[in-house]
Amino acid sequence: CRPPRRFQLRFLVEAAAPRLEGTGSTAMPVMQRARHPCATACRRRMPFLPCRTLCSTEVEDSSTQASPDMQERLVQSGCLDDVLAAVHSGMDGWTRLHVATAWHRLAKHAHHGKRSSGVADAVEQLMALTTAHRLNAFRSRDLEIMLWAWGKLRHRQAGLLREACELVAEDSDRFSFRGLSNMVHACALMRYRDTHFLTVVCDGLPVKAEEFSPQGMANIAYALAMLRFKHAAVLEAFCETASAKLHAFKSQELSMLLYSCGVLRLRHDAFLEEACSRIPQRFVEFSEQGVANIVYALGLLRFAHRPFLSTVCCHFADSLHEFSAQGISNTAYGLGLLSFRDGRLVRELCRHLPSRCAEFSAQHLVNIAFALCAFGFRQPHAHPRSSARAARHIGQRFYLGEPRCGWGGAVVIVQ
């Protein structure tokens with residue numbers, strides 16, 4: 001027999017709620033995609049999950065209940081054109097649930113580096129509707145989703161962003177560790193540094209230690225490094241947790257955490273020792289950029305783990321052609337700070353530089369020259385071609401308006 005019509009409508013409303021998935025790691029650090037609180041089964045053969053019961057403070061009145069047709073259309077949008085078509089078809093009667101879902105889908109399918117006019121128009125319309133609904137009326141998970149989307153889209157509107165950070169800071173305990181990591185990382189992507197927001201969030205993170213995940217810790221640490229905001233307590237908590245379950249970290253997550261500790265000058269010897277002991281066993285998993293960032297961080301922290309550095313130098317000398325200019329510069333500079341000399345690496349470096357000198361900025365060349373001086377390299381006549389081209393390139397950069405790098409290079413060459 002068929003169920004009552006009231007039950008059918010209720011099932012449609014629940015089934016239309018979006019199911020948001022987590023992201024995987026990429027070449028550059030990224031946020032996890034937020035999950036919507038009412039994730040339920042949709043019509044694409046997803047298992048049925050009962051909609052969670054909302055507390056009295058989160059229940060919307062009948063005037064703000066989502067329309068099943070529009071909500072399902074947004075949830076099932078498979079590409080950017082589907083999202084833009086839904087937004088541009090008119091947003092009369094859209095609820096806060098519609099707005100949050102539209103933000104998520106737009107951020108998921110649009111690339112911040114390729115902002116078309118259609119995406120820009122959709123962002124402006126959604127911003128206007130978000131303002132009209134008032135941020136303090138959105139549920140906590142919807143607020144988390146919107147902040148995540150703004151970060152993905154690199155859309156920074158100071159007024160709304162400041163208000164959102166204030167709302168989170170007022171009651172940060174209602175957010176999960178995953179949600180907080182998404183929001184902090186979003187602020188970093190938008191280069192928005194709200195000291196009060198960051199302080200309140202970081203103060204409350206150590207008590208959520210059991211929720212710590214490798215990707216969440218890496219994202220928060222990297223975001224703090226991007227914003228140059230040092231919070232020793234939370235970074236030490238991350239290092240202690242990471243030391244105990246280093247095996248659970250992916251190579252990118254581990255390199256991000258180490259790099260962040262280096263940039264923020266947070267030295268946790270137990271974590272560094274454990275990481276340097278374990279990484280050589282998994283060296284093939286790490287990208288050239290990850291290796292360069294780790295060596296750079298160890299140099300900034302003045303932590304010389306000789307077996308690890310020997311492994312790095314051997315790998316570095318054999319695969320210089322695979323490293324980017326930034327990677328070569330960071331690796332050489334980190335080794336220079338540690339005064340760790342490897343004769344074969346120095347020879348390979350001097351042979352390799354002439355063919356790629358044009359790829360290096362003045363700062364890159366200054367870093368490499370500094371490293372050669374730290375290695376005790378005092379025989380430029382042994383590699384006259386490399387020395388002459390490096391000096392000429394630094395001089396050109398100085399002439400073109402990079403005086404700080406030019407003077408630094410001149411000082412290093414004279415040394």
Side-chain angles (χ1 to χ4, degrees), residues 20 23 29-37 57-58 96-97 99-104 106-108 112 123-124 126-208 211-213 215-235 237-238 256 260 263-264:
L20 311 183
T23 58
V30 297
M31 294 175 293
Q32 306 170 43
R33 292 198 180 106
R35 286 186 177 273
H36 199 278
T57 58
E58 293 183 317
R96 293 186 286 276
L97 181 60
V99 175
T101 306
W103 273 120
H104 179 273
L106 184 64
K108 177 182 177 181
H112 69 272
V123 167
E124 293 302 324
L126 286 174
M127 272 294 177
L129 194 55
T130 303
T131 304
H133 275 294
R134 301 188 315 278
L135 278 182
N136 58 5
F138 282 88
R139 294 179 298 194
S140 57
R141 188 60 65 87
D142 292 340
L143 185 61
E144 170 198 327
I145 290 171
M146 291 190 296
L147 266 173
W148 171 84
W150 299 344
K152 285 281 286 183
L153 294 167
R154 307 300 196 273
H155 183 78
R156 172 174 170 168
Q157 188 170 12
L160 274 179
L161 193 53
R162 181 170 53 254
E163 183 182 353
C165 289
E166 289 175 355
L167 289 171
V168 175
E170 286 176 3
D171 189 11
S172 61
D173 292 338
R174 61 180 170 150
F175 296 92
S176 66
F177 173 75
R178 182 176 182 175
L180 292 173
S181 70
N182 281 342
M183 290 185 285
V184 172
H185 197 204
C187 289
L189 292 177
M190 291 181 282
R191 299 299 189 272
Y192 182 76
R193 191 178 190 272
D194 187 317
T195 304
H196 176 65
F197 165 75
L198 294 173
T199 302
V200 171
V201 169
C202 289
D203 285 345
L205 286 178
V207 300
K208 299 178 182 288
E211 299 181 38
F212 286 178
S213 65
Q215 187 173 6
M217 289 187 286
N219 281 345
I220 290 180
Y222 189 79
L224 296 179
M226 289 175 67
L227 296 172
R228 296 300 188 270
F229 183 86
K230 181 177 180 179
H231 193 286
V234 72
L235 290 173
F238 287 170
M256 285 169 60
S260 303
V263 171
L264 296 173

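- Here the side chains of Tyr192 and Leu227 are not in contact, with every heavy-atom distance at 4.5 Å or above.
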*Yes or no on side chain to side chain contact (heavy atoms under 4.5 Å, CB included) for Leu147 and Asn182, after CA distance, side-chain angles and deciding distance?*
CA-CA 8 Å; Leu147 266 173; Asn182 281 342; over 6 Å; no
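- To the nearest 0.5 Å, atom CG of residue Leu189 and atom NE2 of residue His185 are 4.5 Å apart.
- Contact check for Arg191 versus Arg156: side-chain heavy atoms found under the 4.5 Å cut-off.
- The minimum heavy-atom distance linking Leu205 with Ile220 is given by the pair CD1-CD1, 3.8 Å.
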*Just do the side chain to side chain contact (heavy atoms under 4.5 Å, CB included) check on Ser176 and Glu211 with the steps written out, would you?*
CA-CA 8 Å; Ser176 66; Glu211 299 181 38; 3.9 Å; yes
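- The minimum heavy-atom distance between Trp103 and Ala149, with the atom names listed, is O-CB, 3.5 Å.
- Of all non-hydrogen atoms in Arg228 and Arg193, the two that sit nearest each other are O-NH2, 3.1 Å.
- Two residues are said to be in side-chain contact when any heavy atoms from C-beta on lie closer than 4.5 Å; Cys165 and Leu198 fail this criterion.
- Of the possible donor and acceptor atoms, one in the side chain of Arg154 sits under 3.5 Å from a partner among the backbone N and O of Lys152.
- Side-chain atoms of Leu180 and Lys208, non-hydrogen and from C-beta on, do get closer than 4.5 Å to each other.
- Separating the CG atom in Leu160 from the OG1 atom in Thr131 is a distance of 4.0 Å, to the nearest 0.5 Å.
- Within the 3.5 Å criterion, the main-chain N or O of Arg139 finds no donor-acceptor partner in the side chain of Arg96.
- The minimum heavy-atom distance between Cys187 and Phe197, with the atom names listed, is SG-CE2, 3.8 Å.
- Two residues are said to be in side-chain contact when any heavy atoms from C-beta on lie closer than 4.5 Å; Val201 and His231 fail this criterion.
- Leu264 and Lys230 make their closest contact through O-CD, 3.2 Å (heavy atoms, listed as atom of the first residue, atom of the second, distance).
- Judged by distance alone, with hydrogens and angles left aside, the side-chain atoms of Ser172 form no donor-acceptor pair with the main-chain N or O of Ala169 at under 3.5 Å.
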*Applying side chain to side chain contact (heavy atoms under 4.5 Å, CB included), run through Thr199 and Phe229 and close with a yes or a no.*
CA-CA 9 Å; Thr199 302; Phe229 183 86; 3.4 Å; yes
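- Counting only heavy atoms from C-beta outward, the side chains of Met183 and Glu144 approach each other to under 4.5 Å.
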*Walk me through it: do His104 and Trp148 pass the test ring-ring contact (aromatic ring centres under 6.0 Å, His included)?*
CA-CA 8 Å; His104 179 273; Trp148 171 84; 5.0 Å; yes
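- Taking CD from Gln157 and CE from Met190, the interatomic distance works out to 11.0 Å, rounded to the nearest 0.5 Å.
- Taking CZ of Phe212 as the start and CZ of Phe238 as the end, the distance is 5.0 Å to the nearest 0.5 Å.
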*Could you walk me through whether Met127 and Trp150 pass the side chain to side chain contact (heavy atoms under 4.5 Å, CB included) check?*
CA-CA 10 Å; Met127 272 294 177; Trp150 299 344; 3.6 Å; yes
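- Ring pair Phe138/His133 is perpendicular by interplanar angle, where above 60° counts as perpendicular and below 30° as parallel.
- Side-chain contact between Arg178 and Ser213 is absent, with no heavy-atom pair separated by less than 4.5 Å.
- A pairwise comparison of heavy atoms in Ala102 and Leu126 identifies CB-CD2, 3.8 Å as the closest pair.
- In this structure, the side chains of Thr130 and Met146 come closer than 4.5 Å at one or more pairs of heavy atoms.
- Summarising the geometry, atom CG belonging to Leu143 is positioned 6.5 Å from atom CZ belonging to Arg174; distances are rounded to the nearest 0.5 Å.
- Between the side chain of Ser181 and the backbone N or O of Gly216 there is no donor-acceptor pair closer than 3.5 Å.
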